[in-house]
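These notes concern the structure reproduced below.
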Amino acid sequence: MKNFFDKRYPVTNALLAVTALVFLLIQVFRFGQTTAAYTIFEFGGMYGQVVRYDPTQLWRLISPIFVHIGWEHFIFNSITLLGLGYQLEGLFGARRFFLLYILSGIIGNLFVLFFTPDVVGAGASTSLFGLFAAMALLRKFSRSPYLQVLGQRYMVLLGLNLVLGLFNPTISMAGHIGGAIGGCLVVMFLPPLMEKNLFTGKQIFYSFIGYWGLIAVLLGIFYVI
């Protein structure tokens, strides 16, 4: 148990704890209806049409990261977060890892909002795909042999999961692609601690502006149209 919940990785443990708590609350308070669309929405899932008519609901760009639809969804994403988190939190540090996880998830949920507004969506995979893509990008830019090898593995995982998503209609490709794009942008202005100077000042500036600009443009179009 000591090795299962390693105190050296407080952010990963906290993210897992919040995810598990939300899932437990769904099971307790909506027993028998835990996977119903209205249940998922009630507990923080994304539903674009509601957010369109009530902008105060934009907090749902974050909350779906912690909401899961059924046991399989919850267990798979939790195990993935445990494995990725313990590895990447050590590389990025607690603060950077937390921001990479959350900011990737925001872009993923923004894509769900923008491209599939009639679908109720939830799950940590928006953030997890951000982690996959961030490490895959480091494969190209990093000067560290360790990060290059690690990045190659994540590149394979990213590609494999994207392909598998094409054959599963229950998977939100918009959320996965959005999360991956978010991860690529965020890792450029929040690189691993061992290579803080990996990207140039211009790359950092444009990735930062690109991240927030993407949010502004998509939300602007979403609310105008």
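The closest donor-acceptor contact from the side chain of H68 to the backbone of N77 lies at 3.5 Å or more, if one exists at all. With R60 contributing its side chain and F41 its backbone, the two residues share a donor-acceptor pair below 3.5 Å. Using a distance-only test at 3.5 Å, with no hydrogens or angles considered, no donor-acceptor pair links the side chain of S104 to the main chain of S127. Under a 3.5 Å cut-off, the side chain of E195 and the backbone N or O of R143 do form a donor-acceptor pair. With hydrogens and angles disregarded, no donor-acceptor distance shorter than 3.5 Å links the side chain of T34 to the backbone of F31. Without hydrogens or angle criteria, S125 side chain to L128 main chain gives no donor-acceptor distance under 3.5 Å. Put simply, the side chain of S172 gets close to the backbone of G175: a donor and an acceptor are under 3.5 Å apart. Side-chain atoms of N13 come within 3.5 Å of backbone atoms of D6 as a donor-acceptor pair (strictly under, hydrogens ignored).
Across every non-hydrogen atom of I26 and T39, the tightest pair is CG2-CG2, 3.9 Å. Heavy atoms only, all atoms of each residue included: M188 and C184 are closest at CG-O, 3.3 Å. Across all their heavy atoms, R8 and E89 have their closest contact at O-OE2, 4.4 Å. Heavy atoms only, all atoms of each residue included: L99 and V186 are closest at O-CG1, 4.5 Å. The two residues S142 and L198 come nearest to each other via the heavy atoms CA-CD1, 3.7 Å. Across all their heavy atoms, I65 and I106 have their closest contact at CD1-N, 4.4 Å.
With values rounded to the nearest 0.5 angstrom, L21 atom CG is found 9.5 Å from T19 atom OG1. The CZ atom of F74 lies 8.5 Å from the CG atom of L24; values are rounded to the nearest 0.5 Å. Within the model, atoms OH of Y211 and CZ of F189 stand 6.5 Å from one another, a figure rounded to the nearest 0.5 Å. A distance of 5.5 Å separates CG in L61 from CG in L58, rounded to the nearest 0.5 Å. Interatomic distance, Q49 CD to L113 CG, rounded to the nearest 0.5 Å: 9.0 Å. Rounding to the nearest 0.5 Å places OG1 of T12 at 6.0 Å from CG of L81.
Residues Q148 and R139 bring no donor and acceptor atom of their side chains to less than 3.5 Å of each other.
Electrostatic pairing of E42 and R30 counts as a salt bridge here, judged by a charged N lying under 4.0 Å from a carboxylate O.
At most 12 non-hydrogen atoms from other residues, nucleotides or ligands lie less than 6.0 angstrom from OH of Y206. In this structure, R153 places its CZ atom where only 12 or fewer heavy-atom neighbours from other residues, nucleotides or ligands lie under 6.0 Å away. Applying the 6.0 Å contact sphere to CG of N197 captures no more than 12 heavy atoms from other residues, nucleotides or ligands. Shown here is F98, whose CZ atom has no more than 12 heavy atoms of other residues, nucleotides or ligands within 6.0 Å. The neighbour count for Y223 OH, taken as heavy atoms of other residues, nucleotides or ligands under 6.0 Å away, is above 12.
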**OP:** Could you walk me through whether L158 and M155 pass side-chain contact (heavy atoms from CB on, under 4.5 Å), step by step?
**Re:** CA-CA 5 Å; L158 175 64; M155 186 179 296; 5.7 Å; no
**OP:** Please test N161 against H176 for side-chain contact (heavy atoms from CB on, under 4.5 Å), starting from the C-alpha separation and ending with a verdict.
**Re:** CA-CA 9 Å; N161 279 279; H176 289 182; 5.9 Å; no
**OP:** Decide yes or no on side-chain contact (heavy atoms from CB on, under 4.5 Å) for I107 and T126, but give the supporting numbers first.
**Re:** CA-CA 8 Å; I107 297 294; T126 51; over 6 Å; no
**OP:** Check the pair I62, N109 against side-chain contact (heavy atoms from CB on, under 4.5 Å), reporting the backbone distance first and the verdict last.
**Re:** CA-CA 7 Å; I62 296 176; N109 287 315; over 6 Å; no
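Between F222 and F114, the ring planes are tilted. Angles from 30° to 60° get that label.
For the pair V112 and V119, the minimum side-chain heavy-atom distance is 4.5 Å or more. When side chains are defined from C-beta on, Y47 does not count as touching I40, because their heavy atoms never get closer than 4.5 Å. Side-chain contact between F111 and L218 is present, with at least one heavy-atom pair separated by less than 4.5 Å. Side-chain atoms of F43 and F66, non-hydrogen and from C-beta on, never get closer than 4.5 Å to each other. Contact annotation: the side chain of I215 approaches that of L110 to within less than 4.5 Å [non-hydrogen atoms, C-beta and beyond]. At a threshold of 4.5 Å between non-hydrogen side-chain atoms, the residues P192 and L138 count as touching.
Residues L25 and W59 do not share a hydrophobic cluster, defined by chaining ILVMFWY side chains whose heavy atoms lie under 4.5 Å apart. Tracing side-chain contacts under 4.5 Å through hydrophobic residues (I, L, V, M, F, W, Y), one reaches I204 starting from W212; they form part of the same cluster. A single hydrophobic cluster is seen to contain both L190 and F97, as judged by linkage of ILVMFWY side chains at heavy-atom distances under 4.5 Å, directly or through other members. V11 is connected to V18 through a chain of hydrophobic side-chain contacts under 4.5 Å among Ile, Leu, Val, Met, Phe, Trp and Tyr, so both are in one cluster. Linking Ile, Leu, Val, Met, Phe, Trp and Tyr whenever their side-chain heavy atoms come within less than 4.5 Å leaves F76 and V163 in two separate clusters.
When ring centroids are compared, F129 and F132 come within the 6.0 Å threshold.
Annotation: cation-pi pair R96/Y101 absent, no NZ/CZ under 6.0 Å from the ring centroid and within 45° of its normal.
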